[in-house]
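Notes follow once the structure below has been shown.
The structure displayed is predicted, hence computed values, not measured ones. So you know, we letter chains A, B, ... as the sequences are listed, proteins then strands, and number each from 1.
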Amino acid sequence: MSADRLFALVDGNNFYVSCERVFRPSLCCRPVVVMSNNDGCAISRSEEAKLLGIGMGEPVFKYRALIERHGVELCSANFTLYGDMSTRVNETLRTFAPGIEMYSIDESFVDLSGMADRDLKGYGREMRERVRRWTGIPVCVGIGPTKALAKLGNAVAKKNKLFAGVCDLMDRRFREQVLRLFPVGDVWGVGRAKRRQLTALGIDTAARLAELPLGQARALGTVVLERLVRELNGESCLEMETVPAARKSAAVTRSFGQPVNSFAELMESVAQHVARVGEKLRQQDLVAGEMTVFTHTSSFRGGPQRCGTGARRISPATSDTRLLLQVARRCAEKAYRGGYRYIKSGVIVDDLRPRPAGQPTLFGWGEEGSIVLMKAVDDINRRYGADTVFPASRGTARSWKMRQLRLSPRYTTRIGDVPVVRA
DNA sequence: TCTGGGGTCCTAGGACCC
DNA sequence: TCTGGGGTCCTAGGACCC
């Protein structure tokens with residue numbers, strides 16, 4: 001059965017940078033870096049920026065001189081924009097095959113099973129061109145009989161210009177050649193720790209990993225590594241997940257723009273996160289049964305280090321920001337201890353489940369009123385911009401607010417930000 | 001001076017039960 | 001005094017992903 005499976009992995013090149021470029025063509029052919037929240041690290045780099053030596057995940061301040069000398073453009077991450085562009089890319093891919101798995105914001109698997117007779121390379125090229133034309137985003141395509149091989153093909157297509165953006169690994173002989181040249185650390189599912197273990201055993205390429213006996217693979221890396229070895233050998237073990245699995249947890253965590261040491265400031269930031277978490281839950285019609293609040297100091301700075309957490313059950317499970325705030329305060333009190341310079345706080349909700357429909361609550365605020373009120377808040381914030389309405393406990397001074405000095409407009413999701421073309 | 005955020009899966013080990 | 005064996009559930013921590 002696994003023999004006739006066929007997967008494509010389509011992945012946006014330097015996705016965040018490409019999104020910015022769609023709306024600012026002046027960024028094309030120049031070094032561009034998109035920075036993480038708080039303008040801390042480089043999380044997406046244009047080819048030109050990579051050539052300058054700016055590393056993935058590296059703190060941007062390290063490169064200040066380089067950035068100035070080469071006129072590198074810096075952008076604060078604008079996830080609202082990227083999320084919307086991602087939807088557009090996926091809508092385009094759906095015109096090629098109905099089975100799409102949105103694996104991450106910039107990558108999707110496309111189920112091409114049953115199409116093995118086609119000119120796959122040509123089909124891949126068509127995908128590339130259509131996505132480019134309809135959305136402005138450049139992508140690469142990897143094709144293979146398993147997800148892991150499609151992923152690997154995609155990495156090859158991206159690295160080696162000779163492939164012109166499409167790498168088809170359906171042919172066994174060709175595949176074996178490619179695997180021999182592919183570093184084991186770049187295989188999907190092999191992280192830093194596994195790579196070290198494997199290379200110590202002389203397993204330094206994907207081909208060597210594919211030769212690893214299954215029992216040894218399991219001993220070394222549990223069922224996960226065993227499955228990966230099978231996949232590299234063309235045996236499909238990982239199915240398409242076209243319906244996104246129910247979320248089990250959700251989190252909102254942020255670094256502060258500057259360190260915080262009072263409980264009042266910490267609690268303000270927590271209140272802000274709770275408002276966002278509530279929004280997330282309501283968007284997906286979920287309620288949460290458990291909450292954890294944490295805060296910690298920076299391991300990059302001197303001074304006493306601490307990581308504080310506080311967790312509580314939420315009963316009854318809810319998505320009402322007001323109830324979540326009550327629980328969050330108790331959690332935060334437990335997490336906080338004075339005398340430290342905290343640089344980050346976060347709110348995590350677990351034990352998520354679908355909102356019970358029309359179920360009367362014995363104790364509590366009256367389900368109906370809560371739903372109507374929260375919907376009103378969400379509608380206002382969607383229409384007039386995030387944080388038009390917010391919990392008072394969030395405060396207004398917000399000394400802890402994160403830095404986002406170079407934020408682009410929400411070109412596609414906010415009416416006032418839509419670009420204007422003059423002809 | 002300045003170092004992101006948000007997930008999932010798996011296992012080991014302890015608590016508890018019969 | 002000797003102290004079985006099997007099962008479930010929960011949690012913490014590690015590893016991985018983008």
Exercise for the section: Answer yes or no: is there an ion pair linking A:R398 with A:E265, defined by an N-O contact shorter than 4.0 Å? Expected result: no
Exercise for the section: Would you please say whether a donor-acceptor pair under 3.5 Å links the side chains of A:T297 and A:Q305? Expected result: yes
Practice task
For A:N38, answer base if it contacts any base atom (sugar-phosphate contacts may also be present), sugar-phosphate if it contacts only those atoms, and nothing otherwise; contact means non-hydrogen atoms under 4.0 Å.
Solution key: nothing
Handout entry: Phosphate contact (C:dC17 OP1 or OP2) by A:K194 side-chain N/O below 4.0 Å
Key = no
Completion exercise
Among the nucleotides B:dG4, C:dC18, B:dT3, whichever has the atom closest to the side chain of A:P59 is B:dT3
Exercise for the section: Ignoring the backbone of A:S104, work out which of B:dT3, B:dG4, C:dC18 is nearest its side chain. Expected result: C:dC18
Handout entry: Closest to side chain of A:K280, choosing from B:dG4, C:dC17, B:dG7
Key = B:dG7
Practice task
Write down the distance between CG (A:D350) and P (B:dG7), rounded to a whole number of angstrom.
Solution key: 10 Å
Practice task
Provide, to the nearest angstrom, the distance between the CD atom belonging to A:Q404 and the C1' atom belonging to B:dC2.
Solution key: 16 Å
Practice task
From the options B:dC2, C:dC17, C:dA15, select the nucleotide whose nearest atom is closest to the side chain of A:A193.
Solution key: C:dA15
Practice task
Choose from B:dG6, B:dC10, B:dG4 the nucleotide whose nearest atom is closest to any side-chain atom of A:V252.
Solution key: B:dG6
Completion exercise
Of A:K344 and A:R341, the one whose closest nucleotide on DNA chain B sits nearer the 5' end is A:R341
Practice task
Would you classify A:V187 as touching base, sugar-phosphate or nothing, given that sugar-phosphate means primed atoms plus P, OP1 and OP2, and contacts are heavy atoms under 4.0 Å?
Solution key: sugar-phosphate
Handout entry: Whole-Å distance separating the CE atom of A:M102 from the P atom of C:dC17
Key = 22 Å
Problem - Side-chain N or O of A:R403 closer than 4.0 Å to phosphate OP1/OP2 of B:dG4 - result: no
Exercise for the section: Report yes if a side-chain nitrogen or oxygen of A:R254 is closer than 4.0 Å to either non-bridging phosphate oxygen (OP1 or OP2) of B:dG6; otherwise report no. Expected result: yes
Exercise for the section: Please say whether more than 12 non-hydrogen atoms of neighbouring residues, nucleotides or ligands are located less than 6.0 Å from CZ in A:F79. Expected result: yes
Exercise for the section: Could you check whether A:D39 gets within reach of a base, just the sugar-phosphate, or nothing at all, counting any heavy atom under 4.0 Å? Expected result: nothing
Problem - Residue whose closest nucleotide on DNA chain B lies nearer the 5' end, A:R227 versus A:I343 - result: A:I343
Practice task
Return no unless some side-chain N or O of A:S298 is found under 4.0 Å from OP1 or OP2 of B:dT3.
Solution key: no
Handout entry: C:dG4 to B:dC16 separation - C1' atoms, rounded to the nearest Å
Key = 16 Å
Exercise for the section: Assign A:A77 to base, sugar-phosphate, or nothing according to its heavy-atom contacts below 4.0 angstrom with the strands shown. Expected result: nothing
Problem - Euclidean distance, atom CG of residue A:L225 to atom C1' of C:dG14 [Å, nearest integer] - result: 15 Å
Handout entry: Pairing nucleotide - C:dC10, Watson-Crick or G-U, each distance under 3.5 Å
Key = B:dG13
Fill in the blank from the handout: Side-chain contact check for A:V223: nearest option of B:dT3, B:dC10, B:dG7 is B:dC10
Practice task
Would you classify A:K248 as touching base, sugar-phosphate or nothing, given that sugar-phosphate means primed atoms plus P, OP1 and OP2, and contacts are heavy atoms under 4.0 Å?
Solution key: sugar-phosphate
Handout entry: Option from A:V110, A:T92, A:N90 for which side chain to side chain contact (heavy atoms under 4.5 Å, CB included) with A:V10 holds
Key = A:V110
Practice task
Assign A:E58 to base, sugar-phosphate, or nothing according to its heavy-atom contacts below 4.0 angstrom with the strands shown.
Solution key: nothing
Practice task
Identify whether any heavy atom of A:R301 sits under 4.0 Å from a base atom; if not, whether one sits that close to sugar-phosphate; answer base, sugar-phosphate or nothing.
Solution key: sugar-phosphate
Fill in the blank from the handout: Checking A:L325, A:V274, A:V270, A:D387 against A:R394 for side chain to side chain contact (heavy atoms under 4.5 Å, CB included), the one that qualifies is A:D387
Exercise for the section: Quickly work out the A:Q197 CD to C:dC16 C1' distance and round it to whole Å. Expected result: 13 Å
Problem - A:A251 side-chain proximity, nearest of B:dG6, C:dC16, C:dC18 - result: B:dG6
Handout entry: Modelled atom types, side-chain donor and acceptor of A:S26 and A:R21, under 3.5 Å
Key = no
Exercise for the section: Please confirm whether the backbone N or O of A:E235 pairs with a side-chain atom of A:N233, one donor and one acceptor, at under 3.5 Å? Expected result: no
Handout entry: Side-chain N,O (A:T253) to OP1/OP2 (B:dG6) below 4.0 Å
Key = yes
Exercise for the section: Indicate, with a heavy-atom threshold strictly under 4.0 Å, whether A:V60 touches base, sugar-phosphate, or nothing. Expected result: nothing
Practice task
Write down the distance between OH (A:Y103) and P (B:dG7), rounded to a whole number of angstrom.
Solution key: 15 Å
Practice task
Using atom CZ of A:R218 as one end and atom P of C:dA15 as the other, report the distance to the nearest whole Å.
Solution key: 19 Å
Exercise for the section: Mind calculating the distance between CG (A:L74) and P (B:dG4) to the nearest angstrom? Expected result: 16 Å
